[in-house]
Each structure stands twice: as structure tokens, then as C-alpha cells.
Participant: 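This is the structure I want to talk about, given as C-alpha cells.
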Amino acid sequence: MKKDFDKAIVIQEALKELPSSARRLFMKRAVTLGGLSLLSGCAVTDKDSAERMLRKISTLNDDFQAWLFDPNKLAPTYPESMITRPVPFNAFYDRDEIPEIDESDFLLEVSGLVADKHSWPLQELYQLPQTDQVTRHICVEGWSAIGKWGGVTFSTFLKRIGADLTAKYVGFKCEDDYYTSIDMPTALHAQTLLAFTYDGRILPPEYGYPMKLRMPTKLGYKNPKHIAAIFVTNTNPGGYWEDKGYNWFGGI
Ligand SMILES: Nc1nc2c(c(=O)[nH]1)N[C@H]1C(S)=C(S)[C@@H](COP(=O)(O)O)O[C@H]1N2
Ligand SMILES: [Mo]
């Protein structure tokens, strides 16, 4: 049989999928494809089965991170003097494509497993109890920045719309065709914020006007900017980068 895949690459890719603790363990024990097959329950004989194994390991990683996630553990916060100025801009496009959104015709859509599906004008969202946080944003592209975001604690919002808090996922659709989704325990975490301000001012266009979900417990790509719609569901909605192979849980 012609082998059209490279074992070394399969191992390398599989290791990237593992949380760093598991990766270190595997490094110490000199990983073999046999070992990874055992872990994932998938035998690797060709390119397709290699991909199946990588997907399985990625799911194992999500399950492992979900299991490790402590809903009561707070991410570090920082003094305002440590805020990174300016905070870097990042999106899957350049600055000239930042969505332009007009407050007067903006409505936040809410759907799925929620009792109250009415759409929210910004002024109504601004009436909800507001709080702020100075936390670190970490991007997988290799930079991090400390910023100050303000808004309503997301659990307060979810309760206000009568969300089914036993559902598995909350999904987000953005004005720029970005999308992502998170697990319910993270959605209910005390530092998960539906943010309307950055550094005390209305969120500037490049940082996600009119709102972003700010989670210091998750990597940058899990923090959707320009949110247009929020839905609660038991079917994993995936995400823009997640569907291209980034880890779905995306914990820090
Ligand atoms: N709508 C939308 N949200 C997004 C992105 C995007 O391209 N579009 N990029 C993500 C990534 S990879 C990062 S690192 C952060 C960047 O946020 P910032 O521009 O406020 O630093 O936004 C995240 N949320
Ligand atoms: Mo990112």
C-alpha cells in the first residue's frame, strides 16, 4: 500500500492539538503513532484515518479542557496603569474592511433556547447593570495586551432573556461574517462580559462596535467582535477559526 501521509507530520499535528500538560507528558515518553492511536481509539493507515484521528484528538482536547475549567476561578486582573496603549487590532481582514455600524438601525437579535426573543436596541442594552474589568487578551498569533472593557455581565443578560442555562452552547453571529460559540459554563463565568465600552469609551469600530464578548478565560479568537446575533443551542455551532482547525474550547 502506498503511504501518502507522513507519520512525523501526523504526530506533530496531533501534539499541537493536545493541551500543553499532556504534550509535555507525551514528549517525555517519546510519542509514537501507536500511542496516539491508543489515545484516540483510531488506527492510522492512510490520510483519511490520520485526519479522523486528529479530529478525535481535538475533541478529546475540548473535553479535557471543559473538564479542567473551573467556573469559579477568576482570571488575573491588572491595575489601569498596565493597560497596553494602543491595544492591537486584529481581524481576518485589514482595517479598511472594519464594519461600519449605525446605532439607529442596529438591533441585537436573540434566538434559540430562550424565553424572550425580542431584539435589543443599544440604548436598552446600556440600561442593564454595567461593570468593567482590566484583563489580558491573548491571541494565538503570539501577542497579548491588557485592556479595559465595560458592559453587562453575560450571565445577567442570559438570565434576563430567560436562556435555558442547562443548554450546552451559546453561539454568536457577527456583522463581519465572523462567528464563534462557547460552552455554557464559560458563558456563565463571572468575568464573561457583553462589552460595550473600551477604556471607558463606547467600543471603537476596530475593537468590535457595537459590542463584543469579552472573556479573559479564553483565547482571542473566541472573543467575538461586532456581535449581531446571540443564540442558545444544544448543537455545537463551531466558529470561523475553529472550523479551520483551531481548538474549539480555546481556553487560556
Ligand atoms: N467579528 C470578529 N471578531 C473577532 C475577530 C474577527 O476577525 N471578527 N478576530 C478575533 C481574533 S483572532 C482576535 S485576536 C480578537 C482581536 O480583538 P481586538 O482587535 O480588539 O484586539 O478578535 C477576535 N474576534
Ligand atoms: Mo487572535
Side-chain angles (χ1 to χ4, degrees), residues 16-17 20 58 61-62 65 75-78 80 82-103 106-111 120 122 125 132-151 154 157 169-183 186-187 189 191-231 237-252:
K16 272 197 255 164
E17 292 291 346
S20 54
S58 188
N61 181 4
D62 286 336
Q65 287 191 48
T77 56
Y78 302 87
E80 294 200 13
M82 284 180 73
I83 292 176
T84 310
R85 293 199 163 87
V87 92
F89 158 79
N90 196 32
F92 64 92
Y93 43 81
D94 291 331
R95 277 181 181 270
D96 57 349
E97 283 176 71
I98 293 168
E100 285 167 31
I101 293 145
D102 189 355
E103 162 160 14
F106 179 85
L107 285 175
L108 173 70
E109 281 174 36
V110 170
S111 65
W120 292 67
L122 287 176
L125 290 164
D132 55 41
Q133 59 172 255
V134 180
T135 51
R136 187 186 292 275
H137 169 119
I138 302 172
C139 173
V140 283
E141 283 169 42
W143 56 272
S144 84
I146 293 173
K148 180 178 166 185
W149 289 272
F154 196 48
F157 179 73
Y169 310 103
V170 182
F172 302 87
K173 289 183 198 150
C174 307
E175 295 283 354
D176 55 0
D177 295 334
Y178 196 78
Y179 63 103
T180 188
S181 53
I182 57 168
D183 52 295
T186 300
H189 186 269
Q191 289 169 309
T192 296
L193 203 65
L194 189 58
F196 312 114
T197 69
Y198 179 73
D199 209 2
R201 290 174 298 126
I202 291 291
L203 208 58
E206 67 265 42
Y207 301 139
Y209 183 82
M211 75 194 80
K212 75 175 281 178
L213 195 75
R214 175 62 200 138
M215 293 171 287
T217 57
K218 285 220 193 286
L219 292 165
Y221 64 89
K222 299 296 296 181
N223 291 236
K225 307 194 286 186
H226 316 290
I227 298 171
I230 298 178
F231 57 102
Y240 181 90
W241 289 116
E242 295 88 329
D243 294 349
K244 291 177 168 56
Y246 279 37
N247 168 243
W248 179 79
F249 195 86
I252 297 286

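Indexing begins at 1, ligand by ligand and atom by atom, following the structure's order. Numbering starts at 1 and runs along the sequence shown.
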Participant: List of N/O pairs, ligand 1 versus protein, all under 3.5 Å?
Facilitator:
residue  : atom   : partner : partner atom : Å
ligand 1 : 1 (N)  : Asp176  : OD1          : 3.0
ligand 1 : 1 (N)  : Asp176  : OD2          : 2.9
ligand 1 : 1 (N)  : Lys225  : O            : 2.9
ligand 1 : 3 (N)  : Lys225  : N            : 3.0
ligand 1 : 7 (O)  : Phe92   : N            : 3.1
ligand 1 : 8 (N)  : Asp176  : OD2          : 2.8
ligand 1 : 19 (O) : Asn90   : N            : 2.9
ligand 1 : 19 (O) : Asn90   : O            : 3.4
ligand 1 : 19 (O) : Lys225  : NZ           : 2.6
ligand 1 : 21 (O) : Pro88   : O            : 2.7
ligand 1 : 24 (N) : Asn223  : O            : 2.8

Participant: Less than 4.0 angstrom from a charged side-chain N to a carboxylate O is my criterion; do Asp183 and Lys218 meet it?
Facilitator: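 A salt bridge links Asp183 with Lys218.
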Participant: Tell me the side-chain hydrogen bond (donor to acceptor under 3.5 Å, both in side chains) pairs involving residues 197-211, sequence neighbours left out?
Facilitator: Arg85-Asp199
Participant: Return yes if some donor-acceptor pair links the side-chain N/O of Thr180 with the main-chain N/O of Pro224 below 3.5 Å, else return no.
Facilitator: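 Absent.
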Participant: Looking at every heavy atom in both Gly251 and Gln65, which two are closest together, and how far apart are they?
Facilitator: N-OE1, 2.9 Å
Participant: With no hydrogens and no angle check, is any side-chain donor or acceptor of Tyr178 less than 3.5 Å from a backbone partner on Tyr221?
Facilitator: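 Judged by distance alone, yes, a pair lies under 3.5 Å.
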Participant: Determine the minimum heavy-atom distance between Leu219 and Ile252, stating which atoms define it.
Facilitator: N-CD1, 3.7 Å
